[in-house]
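Reading through the structure tokens given below for one structure.
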Amino acid sequence: MKQFKALLIKEWRTHWVAILTPLWFTAGIYGIALLGIIFGLLKGGEVSFVNINSNIPAGMADYILWTSTAGITMILGAIGIISTVVLTDSMLNGGFKRHCEILHLSQPVKVSKILFAKYLLLLLGTIILVSVLSLVNSLVVSAFFKYYVGTHIYIGLCGWMYGAIEISMALIFVTSLFWFFAGLFKHKPFFMGTLSILAIEIAIRVLNSTAGLEIPSLFKFISSLSMVNIRVNPEQIVHELANVNAMKAANGIQILNLDNALRLILGAFFYFAGLLLYKNRELS
């Protein structure tokens, strides 16, 4: 356990700046907003916010709040996904690029334990960071809506929870996919992995056109698992403005869907495949 803790600390000290990318993004947004307020006050103006009509029906206000907090969570999650894609290359191939790979792996620790520490910090660290940051933002937005419109804060928290679970599932899939590519390719794994997907997609389309086959699109399949959509029915919400609980219940059930099951299964597969590729490749 002490070994594993030391490995986590080592990885954190090496990559903490990149891991905290969602935090820097959030701090930048708040910093720009604060500077704008200060600049406006110095010019003698008044601080103004977006006006919200207090006559909005309760159900519609709840719907807007729910989708806003879910959307904020997913935007931060997208930033987290981008940072993990970049970090997979740095964590797996950083030693190779600096010509010190053998030195780093000569520790009296199993390679599988070293790689699991990297993967755990990369994935779990990003999920926790995105969840905490989006929770803070969701509470701010929910408090804003409660003050101006009178909505319940727990509606915003429900949207946050839905968004956090969905983006976490997408993070697992995308991180594991590019973890696999980083184990397969030492040079430019993002470019080479994307190029491989494109080559397979072209081959599928050629076969479908020439041989009359109906092979599903690999690109569409990967895209559907990499991106998150807010699954709500606006028409139903408009017709049931007073019944926001129906919307929350419907989306709670949709968390347990086929896409998320595939993300978990493929995430585990790509992690172990990347691990095996890395362990069996020639070190330098």
Side-chain angles (χ1 to χ4, degrees), residues 8-9 11-54 56 61-91 94 121-172 174-175 178 190 226-230:
L8 287 174
I9 293 174
E11 295 299 330
W12 168 254
R13 289 176 177 174
T14 305
H15 302 288
W16 68 272
V17 174
I19 291 174
L20 294 179
T21 298
L23 175 61
W24 310 138
F25 176 82
T26 304
I29 296 298
Y30 277 97
I32 291 172
L34 182 60
L35 285 175
I37 292 173
I38 294 174
F39 185 72
L41 291 174
L42 290 176
K43 290 180 63 177
E46 296 181 357
V47 178
S48 61
F49 296 97
V50 178
N51 292 324
I52 297 181
N53 190 345
S54 59
I56 296 176
D62 287 337
Y63 169 71
I64 295 173
L65 174 58
W66 190 94
T67 53
S68 297
T69 54
I72 289 171
T73 304
M74 292 175 187
I75 290 172
L76 279 174
I79 302 298
I81 287 175
I82 294 171
S83 67
T84 59
V85 168
V86 175
L87 270 171
T88 51
D89 180 33
S90 178
M91 284 189 167
L121 180 64
L122 176 66
L123 182 61
L124 190 59
T126 302
I127 289 175
I128 293 174
L129 178 64
V130 168
S131 298
V132 172
L133 288 175
S134 58
L135 174 60
V136 173
N137 289 329
S138 296
L139 287 173
V140 171
V141 172
S142 299
F144 182 81
F145 269 75
K146 180 175 177 59
Y147 180 80
Y148 284 98
V149 186
T151 55
H152 295 286
I153 290 180
Y154 77 88
I155 299 295
L157 293 179
C158 288
W160 163 78
M161 183 175 295
Y162 172 78
I165 293 175
E166 285 287 311
I167 202 64
S168 295
M169 295 294 180
L171 260 168
I172 291 172
V174 176
T175 301
F178 284 95
F190 175 78
S226 302
M227 295 184 291
V228 178
N229 295 315
I230 300 178

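Model, not experiment: these values are computed from the prediction.
- Here the side chains of Ser142 and Ile155 are not in contact, with every heavy-atom distance at 4.5 Å or above.
- The heavy-atom pair separating Leu129 from Ile19 by the smallest distance is CD2-O, 3.3 Å.
- Between Phe145 and Ser68, the closest heavy-atom pair is CZ-OG, 4.4 Å.
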task = Starting from the C-alpha separation in whole Å, work towards a yes-or-no answer on side chain to side chain contact (heavy atoms under 4.5 Å, CB included) for Ile153 and Leu65.
result = CA-CA 9 Å; Ile153 290 180; Leu65 174 58; over 6 Å; no
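- The CD1 atom of Ile165 lies 11.0 Å from the CD1 atom of Ile127; values are rounded to the nearest 0.5 Å.
- Looking at Phe190 and Val85, their side chains come closer than 4.5 Å, going by heavy atoms from C-beta outward.
- Residue Trp12 holds its CH2 atom at 4.0 Å from CG of Leu20, rounded to the nearest 0.5 Å.
- Across all non-hydrogen atoms, the minimal contact from Tyr162 to Ala70 is CD2-CB, 4.5 Å.
- Side-chain contact of Thr69 with Trp160: a donor-acceptor pair under 3.5 Å is absent, judged by distance alone.
- Between Thr26 and the choices Leu133, Val130, Ile75, the side chain to side chain contact (heavy atoms under 4.5 Å, CB included) rule is met once, by Leu133.
- When side chains are defined from C-beta on, Tyr154 does not count as touching Met161, because their heavy atoms never get closer than 4.5 Å.
- In this structure the side chain of Tyr30 reaches within 4.5 angstrom of the side chain of Val140, judged on heavy atoms.
- Applying the side-chain contact (heavy atoms from CB on, under 4.5 Å) test to Ile72 and every residue at least two apart in sequence or in another chain returns Asn137, Val141.
- Of the inter-residue distances, the one linking Ile172 atom CD1 with Ile81 atom CD1 reads 10.5 Å to the nearest 0.5 angstrom.
- In terms of heavy atoms, Ser83 sits closest to Gly80 at OG-O, 2.7 Å.
- Atom CD1 of Ile29 and atom CG of Leu76 lie 9.0 Å apart (nearest 0.5 Å).
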Leu135 vs Thr73, test: side chain to side chain contact (heavy atoms under 4.5 Å, CB included). Steps then yes/no.
CA-CA 8 Å; Leu135 174 60; Thr73 304; over 6 Å; no
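- Atom CG of Leu123 and atom CG of Leu87 lie 12.0 Å apart (nearest 0.5 Å).
- Nearest heavy atom pair, residue Ser90 against residue His15, reads OG-CE1, 3.3 Å.
- Legend: residues meeting side-chain hydrogen bond (donor to acceptor under 3.5 Å, both in side chains) with Thr175, ordered by chain and number and at least two apart, are Thr84.
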